[in-house]
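Count residues from 1 along the sequence.
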Amino acid sequence: QVQPVESGGGLVQAGGSLRLSCAASGRTFSNYVMGWFRQAPGKEREFVAAIDWSGAGTLYADSVKARFTISRDNAKNTVYLQMNSLKPEDTAVYYCAASRMMSVTGSHFTSWGQGTQVTVSS
């Protein structure tokens with residue numbers, strides 16, 4: 001099992017950038033698909049991006065494609081989410097999660113972090 005811990009959230013103006021990091025404890029990090037999800041106030045949690053074990057395969061939600069980039073460094077047990085051209089509708093708590101399978105479905109992810117707040121002002 002790995003336990004994710006997110007960092008890097010904050011307040012940014014529309015059009016700006018942020019990079020989220022997720023450090024995962026455990027010696028089997030490279031055995032897990034890692035994903036980012038987000039939940040805005042009053043809305044359901046939604047998939048943002050996922051990256052496979054090697055980092056060669058990625059999935060993105062249509063709403064963030066071409067603006068967000070997910071990457072990982074297995075030597076550092078860390079996954080990143082680079083967010084560019086941020087919009088007010090990107091405001092949410094962002095969660096990092098680990099899964100044994102490549103998926104966009106939250107229920108397939110078995111370990112979750114506590115979340116980090118991202119707020120985009122207009």
Side-chain angles (χ1 to χ4, degrees):
Q1 280 281 22
V2 294
Q3 181 57 52
V5 177
E6 306 93 339
S7 62
L11 173 64
V12 64
Q13 288 189 332
S17 298
L18 277 177
R19 189 176 81 155
L20 304 183
S21 298
C22 171
S25 61
R27 289 179 284 182
T28 58
F29 177 76
S30 60
N31 291 346
Y32 286 85
V33 168
M34 299 300 296
W36 288 96
F37 292 77
R38 66 187 182 186
Q39 187 167 20
K43 294 188 176 181
E44 292 190 354
R45 182 181 64 195
E46 65 174 359
F47 169 78
V48 176
I51 189 165
D52 71 7
W53 308 265
S54 68
T58 56
L59 294 171
Y60 293 95
D62 287 343
S63 59
V64 306
K65 207 171 288 186
R67 298 189 299 124
F68 291 10
T69 302
I70 189 170
S71 61
R72 68 189 295 162
D73 185 338
N74 286 342
K76 296 182 178 179
N77 279 19
T78 302
V79 62
Y80 305 97
L81 186 68
Q82 178 67 43
M83 305 185 295
N84 299 328
S85 302
L86 282 161
K87 305 175 181 179
E89 51 263 45
D90 294 317
T91 294
V93 177
Y94 282 71
Y95 296 91
C96 177
S99 174
R100 288 290 195 174
M101 66 175 70
M102 194 63 163
S103 174
V104 303
T105 304
S107 60
H108 292 160
F109 287 76
T110 54
S111 298
W112 292 80
Q114 294 299 306
T116 185
Q117 176 70 46
V118 171
T119 303
V120 184
S121 63
S122 57

For [X] versus [Y], what's the shortest heavy-atom pair and its separation?
X: Ser122; Y: Ala14; value: CA-CB, 4.4 Å
X: Ser121; Y: Leu11; value: CB-CD1, 4.3 Å
X: Phe109; Y: Ser99; value: CD2-CB, 3.4 Å
X: Leu18; Y: Gly8; value: CD2-O, 3.9 Å
X: Ser85; Y: Ser17; value: N-OG, 4.4 Å

Starting from [Y], can I reach [X] by hopping between I/L/V/M/F/W/Y residues whose side chains sit under 4.5 Å apart?
X: Val118; Y: Val48; result: yes
X: Phe29; Y: Tyr80; result: no
X: Phe47; Y: Met102; result: yes
X: Phe37; Y: Leu59; result: yes
X: Tyr60; Y: Val33; result: no

Check the side chains of Ser111 and Gln1 for a donor-acceptor pair under 3.5 angstrom, ignoring hydrogens and angles.
yes
Establish, yes or no, whether the cationic atom of Arg100 lies under 6.0 Å from the six-membered ring centre of Tyr32 and within 45° of the ring axis.
yes
Working for salt bridge (Lys or Arg N to Asp or Glu O under 4.0 Å), residues Lys87 and Asp90:
CA-CA 5 Å; Lys87 305 175 181 179; Asp90 294 317; over 6 Å; no
If you measure from [atom1] on [X] to [atom2] on [Y], what distance do you get to the nearest 0.5 Å?
X: Thr91; Y: Lys43; atom1: OG1; atom2: NZ; answer: 10.0 Å
X: Gln114; Y: Cys96; atom1: CD; atom2: SG; answer: 12.0 Å
X: Gln3; Y: Asn77; atom1: CD; atom2: CG; answer: 12.5 Å
X: Arg72; Y: Ser30; atom1: CZ; atom2: OG; answer: 7.0 Å

[X] side chain to [Y] backbone, donor-acceptor under 3.5 Å:
X: Thr105; Y: Ser107; result: no
X: Gln39; Y: Ala92; result: no
X: Glu6; Y: Gly115; result: yes
X: Thr78; Y: Lys76; result: yes

Would you call the rings of Phe68 and Tyr94 parallel, tilted or perpendicular if under 30° counts as parallel and over 60° as perpendicular?
tilted
Which label fits Trp112 and Tyr95: parallel for a plane angle under 30°, tilted from 30 to 60°, or perpendicular past 60°?
perpendicular
Identified side chain to side chain contact (heavy atoms under 4.5 Å, CB included) partner of Ile51 from the options Ile70, Leu81, Thr69:
Ile70
Show, in sequence, the C-alpha distance, side-chain angles and deciding distance for Arg67 and Met83, and conclude whether the side chain to side chain contact (heavy atoms under 4.5 Å, CB included) test is met.
CA-CA 6 Å; Arg67 298 189 299 124; Met83 305 185 295; over 6 Å; no
